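In each ligand, atom 1 is the first atom listed, and ligand 1 is the first ligand listed. Just so it is clear, the model here is predicted, and its values are computed rather than measured. Along the sequence shown, residues are numbered consecutively beginning with 1.
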Amino acid sequence: MTTHDVEIAIVGAGFSGLGAAVKAQENSFDDYLVLDRGTDFGGTWRDNTYPGAACDVPSHLYSYSFALNPDWTRSYSHQEEIHRYINAVADSHGIGDKTWFGTEVTRARWDSDADRWIVDVDRDGTAVQVRARHLVGGIGPLCEPNLPDIDGIGAFGGKIIHSARWDHDYDFAGKRVAVIGTGASAIQLVPHLAEAAGHLEVYQRTAPWIIPRTERPYLPAENWAFKHVPGLQNLIRGSIYTANEVVAAGMTYAPKALKPVEALCRANIFKGIRDPELRAKVTPTFAVGCKRILKSNDWYPALDRPNVDLVTTGIDRITAEAIVTADGVEHPVDAIVVATGFHVTDSPVFETIHGADGRSLARVWDEIGMQAYKGTFVHGFPNMTLLIGPSTGLGHTSMVYMIESQLNYLVDYLEKTKAEGIVRTDVRLDVQKKYNADLQDKLKRSVWVTGGCSSWYKDAHGDITTLWPGFTFDFRNATRRFDIAAYDVVRGARTPKKTTEPASVTS
Ligand code: N01
């Protein structure tokens with residue numbers, strides 16, 4: 001087997017992994033390697049190509065602060081433009097030279113004797129062992145599609161497509177199509193499918209709250225101003241950011257303050273749907289904000305179309321050619337689109353990462369819940385940083401802001417451990433426990449706990465372990481400096497760095 005030694009192995013070439021590579025390079029940590037199973041940069045923005053895929057955070061905020069883009073064509077960007085942007089950032093920093101695409105991590109384990117991560121990868125069919133001092137997980141929570149566990153789904157004889165793995169060759173024209181799910185992805189793709197399909201059935205388990213989407217194209221004069229007026233883009237970013245933080249206050253501390261948002265959602269239903277029965281069906285029964293607040297102008301009009309039916313009776317099973325609902329009715333379909341989200345708290349990737357005592361991340365989190373310290377370090381997994389780790393997700397603003405906060409923490413960790421000759425850093429268990437107990441305490445008042453919904457925000461223990469409860473500037477402050485006192489560290493001599501070295505090892 002070939003081995004490859006690096007100081008930093010970064011898994012994932014999406015927003016977080018690419019950000020880590022750029023920041024490592026900028027801070028003279030040049031000996032890094034990015035590993036990604038795809039063919040280019042972009043992560044979830046590369047993989048989600050379903051019709052209508054777009055971001056629901058305004059373009060100026062949904063971008064790196066260190067790579068502002070004056071050329072955004074719309075106030076909210078669509079998938080292709082974000083994908084292009086991410087690749088342009090990678091190109092301008094030359095990250096592609098230190099990236100292995102077509103490379104899947106099959107196993108990563110901490111080697112306590114060498115104080116290194118041993119990362120087994122499959123590089124285009126060749127097994128390679130990457131040995132790294134630091135492992136950075138930029139795997140993202142939205143990378144493993146979740147196929148619904150519905151009786152008989154495997155025996156369906158027609159076409160099944162997950163929203164995150166779109167088949168652009170499949171022709172929906174005139175077909176009988178079912179969409180399962182009414183989350184962020186479904187509300188974007190349904191209006192497009194409704195136009196193409198002969199008949200479309202949308203299977204709704206829980207109605208989402210949806211506000212209007214204030215999307216528009218930018219005028220050439222605006223793009224000129226973004227490029228030439230000093231500070232303008234930062235001013236726009238700041239104003240979007242501030243407005244969004246007001247929503248964070250409502251979600252975390254005072255859910256009742258979100259009533260005006262609910263009124264906006266109700267007005268959106270009233271405007272988009274004429275049929276009172278359908279209006280009742282799409283009106284959620286939980287507090288606004290408990291699940292992600294969605295943005296759309298064309299979802300309700302799509303449901304109101306004559307060729308579209310909203311099915312709210314639960315799915316009992318799927319046969320070779322139909323969906324059978326709990327009332328025994330058979331719904332014959334040619335294609336089923338599953339817009340049922342991702343394995344967020346139970347990602348199969350967690351099975352592949354093994355810490356100092358040999359247990360996998362999945363097993364550890366099974367026992368203690370999905371927790372980390374500052375969303376980044378997990379006790380028992382030395383020198384590993386997770387980007388968009390536990391309790392860093394958001395329902396109200398840009399994840400890129402959270403990623404950049406973690407990147408500050410990562411760089412400071414790299415600098416401090418290098419300066420002090422530290423070869424092993426492991427967050428103390430008592431510190432991690434207290435940190436998470438405090439988060440859970442804070443969450444008690446939040447809409448995610450009090451709002452009366454079930455959501456993927458919760459882990460198997462019923463705890464909200466995906467979301468940051470509070471203002472994002474609090475997270476920025478918490479991650480500004482690497483607080484070494486929270487960690488057990490081992491100082492030692494560094495093994496001399498080796499460059500790429502094909503070598504024979506026995507395993
Ligand atoms: O997935 P979801 P998504 N039978 O989990 C239903 C991000 N995103 O892909 O609500 C029947 O939100 C499920 O029903 P219920 C964003 O963070 C961002 O849409 O659990 N139905 C729900 O309706 C988002 O949160 C953008 O009762 C089943 C739907 O499937 C995340 O991605 C755009 C079912 C899943 O909704 C995931 O969004 C798109 C079953 N067995 C996505 N299982 C931006 O704009 C699940 N459902 C940035």
Around [atom], find the nearest protein heavy atom and jot down its residue, atom name and distance.
{"atom": "atom 8 (N) of ligand 1", "result": "A184 CB, 3.8 Å"}
{"atom": "atom 17 (O) of ligand 1", "result": "R292 NH1, 3.3 Å"}
{"atom": "atom 6 (C) of ligand 1", "result": "G181 CA, 3.7 Å"}
{"atom": "atom 47 (N) of ligand 1", "result": "T340 CG2, 3.6 Å"}
{"atom": "atom 4 (N) of ligand 1", "result": "R205 NH1, 3.8 Å"}
{"atom": "atom 21 (N) of ligand 1", "result": "I180 CG2, 3.7 Å"}
{"atom": "atom 25 (O) of ligand 1", "result": "W456 CZ2, 3.2 Å"}
{"atom": "atom 35 (C) of ligand 1", "result": "A339 O, 3.3 Å"}

Ignoring hydrogens and geometry beyond distance, is a side-chain donor-acceptor pair present between [X] and [Y] at under 3.5 Å?
{"X": "D309", "Y": "H199", "value": "yes"}
{"X": "Q188", "Y": "Y50", "value": "yes"}
{"X": "D40", "Y": "H83", "value": "yes"}
{"X": "T345", "Y": "D459", "value": "no"}
{"X": "R84", "Y": "N87", "value": "no"}
{"X": "K291", "Y": "Y457", "value": "no"}
{"X": "S77", "Y": "S59", "value": "yes"}
{"X": "S16", "Y": "Q406", "value": "no"}
{"X": "E215", "Y": "H78", "value": "yes"}

Which residue from [options] reaches closest to [atom] through any of its heavy atoms?
{"atom": "atom 44 (C) of ligand 1", "options": "D56, V338, T182", "answer": "D56"}
{"atom": "atom 3 (P) of ligand 1", "options": "S163, S185, S77", "answer": "S185"}
{"atom": "atom 36 (O) of ligand 1", "options": "G183, G314, A53", "answer": "G183"}

What part of [X], side chain, backbone, both or neither, has a heavy atom within less than 4.0 angstrom of ligand 1?
{"X": "L142", "answer": "side chain"}
{"X": "Y50", "answer": "side chain"}
{"X": "A54", "answer": "backbone"}

With a 4.0 Å cut-off on heavy atoms, does [X] reach ligand 1?
{"X": "Y203", "answer": "no"}
{"X": "Q188", "answer": "yes"}
{"X": "K291", "answer": "yes"}

Can I get a per-line list of side-chain donor-acceptor pairs under 3.5 Å for residues 153-162, giving both atom names and the distance, sequence neighbours left out?
residue, atom, partner, partner atom, Å
K159, NZ, D167, OD2, 2.7
H162, ND1, A164, N, 2.9
H162, NE2, N146, O, 3.4
H162, NE2, G341, O, 3.1

Review point. How are the rings of Y253 and F471 set to each other: parallel, tilted or perpendicular (split at 30° and 60°)?
Key: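 Y253 and F471: tilted rings.
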Review point. Going by the order shown, which atoms of ligand 1 are within less than 4.0 Å of some heavy atom of P148?
Key: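 In order of numbering, the contacting atoms are 40 (C), 41 (N).
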